[in-house]
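Reviewing the structure listed below.
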Amino acid sequence: MSEAILEIRHLQKSFGKNNVLKDIDFTIYPGDITSIIGASGSGKSTLLRCINVLERPSGGEILHNGLNILDKANNVTAYRAKVGMVFQSFNLFDNMSVLDNCTIGVTKVLKKDKNYAHELALRYLTQVGMEPYINARPKQLSGGQKQRVAIARALCMQPEVLLFDEPTSALDPEMVGEVLDVIRTLAQEGMTMIIVTHEMAFARDVSTRTIFMDKGVIAEEGSPQQIFTNPQNPRTKEFLSRFMNN
Amino acid sequence: MTSVLPESFIGKVLYLADHYGSAYLAGAKLTLLIALVGTAFGCLIGFVCGIVQTIPVSKNDSAPKRFFVKLAKLVLNVYVEFFRGTPMMVQAMLFYYGFIQYTSYRPTTTLAGIVVVSINTGAYMAETMRGGIFSVDKGQTEGAKAIGMTHFQTMLYVILPQAIRNIMPQIGNNLIINIKDTSVLSVISVCELMYHGKAVAGTYYTTFESFTIVSLIYLTLTFVCSRLLRLMEKHIDGADSYDLATTDTLAHTSGMVKYPNEPKDGDPA
């Protein structure tokens, strides 16, 4: 097996006395597509935000290519540039055009030249079908369009792994499909991804591994077939039956 | 041109405007200069203060960094409280006569005026800027951090442009307040509009007439400035519409995804 990109070891996060994550352990290898499912409040999003150090974990380690990025000596901003994140609420920069949203990280963080950034942005905006909108501002776009631009922005950084935090939860139902299609294409290209989602059918079809979280722990993990067709944990069964019956 | 003061109100006003027009204009020019330069420097001071006030400090930062950031915030708090809490007229007296009585440095009254207005505006703008920075959605910061921006880059490219846009109306307010409040600088003999208005009023005992002219000039200055600032806001907001960078008008409307190998109409099956 190839070298792990990310190793999460005994990760914990508490907000005050509230332990949101308790002893999370898993490993991400190149090409893995990990879907994380679970009820609201089970710690899925917190886990994802901890992986990107948007929330600083209270304990444990995150090893990136063998280095613990939670060590004070290690540079978190440089690490974040390699771990892309797509948010539920898009978080596009409102003061910039679609094109500038995609190029700013390439020019200012990766310090590449403008022409290169422009080309890269056009390539990924074309991939998500948003290249006609390069001059538009985020407020002029629909939710689905914004999310596709946000995915292009993350891709422009050419990340080693891409994190999706409920990428379709803030979208109107008719726009969910266009965003999921983009993610599906990325999956086919072999992009390493961790996807927190409530779209069960999508998680089952697209991922190579599924993690079910419950009350801050990984209650069950396995292949999507295993989790969705033959769950072992009674909590997983209960959670899935609620979803599958609807 | 008559050299005798007319009897009627309108006549007196026209007479004063005719004979002392250049004095009023010189006063208006100085008023505008002090207000513009003072507001500009005040905004700069305020931006810097606001940025320092919002530097995040976490337990993971080194002890010296935490100490200096806290010290800087304390100093700025004292500055803001003092200059917001005392009248600008008093500040002008303290500043100007402080130098004259206790140092050998003699600032010109105009320079003293600009400095006092700048420092005073800075104290208000510091709080406004702090509010402006907080008003920008937290998601913007997270989006910037997620692509690896440092705190400084996040501020410079993402937060400040939006914060400054949000506080534009307040910057306009400050400019207009400053145009009017430079009038208190007449206590340190700055020859601005108020100073000239009083001088002319005293010459012929035409207080009401002279200050009618003064008020009209103030009103013109503030009105023009407020309209210009509105135009600036519109400019920052950018165009209401955008051009699609495609020649195909049917391409990619909302909700469509482009599939590379989708069969087109007319393609052979």
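Everything numeric here is computed off the predicted structure, so don't read it as measured data. Chain identifiers are assigned alphabetically (A, B, ...) following the order of the sequence lines, protein sequences preceding nucleic acid strands; residue numbering begins at 1 within each chain.
Annotation: maximal heavy-atom pairing with chain B below 4.5 Å, among A:Arg56, A:Lys139, A:Arg80, occurs at A:Arg80. Per-residue counts of heavy-atom pairs under 4.5 Å with chain B were compared for A:Met96, A:Met85, A:Gln140, A:Met157; the largest is that of A:Gln140. Heavy-atom pairs under 4.5 Å with chain B peak, among A:Asp172, A:Ile134, A:Asn75, A:Ile104, at A:Ile104.
For a residue to count as touching a neighbouring chain, one of its non-hydrogen atoms must lie under 4.5 Å from one of that chain's; by this rule A:Val106 does not touch chain B. When heavy atoms are compared at a cutoff of 4.5 Å, A:Phe93 approaches chain B by way of both its backbone and its side chain. Neither the backbone nor the side chain of A:Met130 comes within contact range of chain B, judged by heavy atoms closer than 4.5 Å. When heavy atoms are compared at a cutoff of 4.5 Å, B:Ile159 does not approach chain A at all. Residue A:Lys82 does not touch chain B at all, counting heavy-atom pairs closer than 4.5 Å. Heavy atoms of A:Lys108 lying under 4.5 Å from chain B belong to its backbone as well as its side chain. For a residue to count as touching a neighbouring chain, one of its non-hydrogen atoms must lie under 4.5 Å from one of that chain's; by this rule A:Ala136 touches chain B with backbone and side chain alike. Within the 4.5 angstrom heavy-atom criterion, atoms from both the backbone and the side chain of A:Asn135 approach chain B.
When A:Val161, A:Leu163, A:Ile62 are each tested for a side chain to side chain contact (heavy atoms under 4.5 Å, CB included) with A:Asn52, only one passes: A:Leu163.
Electrostatic pairing of B:Glu142 and B:Lys145 does not count as a salt bridge here, judged by no charged N lying under 4.0 Å from a carboxylate O. Ion pair B:Glu192/B:Lys29 not flagged as a salt bridge, since none of the NZ, NE, NH1 or NH2 atoms sits closer than 4.0 Å to an Asp/Glu carboxylate oxygen. A:Glu131 and A:Arg123 are not joined by a salt bridge, as no carboxylate oxygen comes within less than 4.0 angstrom of a charged side-chain nitrogen. With respect to the salt-bridge test (charged N to carboxylate O, under 4.0 angstrom), the residues A:Asp181 and A:Arg184 qualify.
Stacking of A:Arg9 on the aromatic ring of A:Phe26 is not recorded, the 6.0 Å distance cut-off and the 45° axial limit not both being met. Judged by a 6.0 Å distance limit and a 45° cone about the ring axis, A:Lys13 is positioned over the six-membered ring of A:Phe15.
Contact annotation: the side chain of B:Leu160 approaches that of B:Ile133 to within less than 4.5 Å [non-hydrogen atoms, C-beta and beyond].
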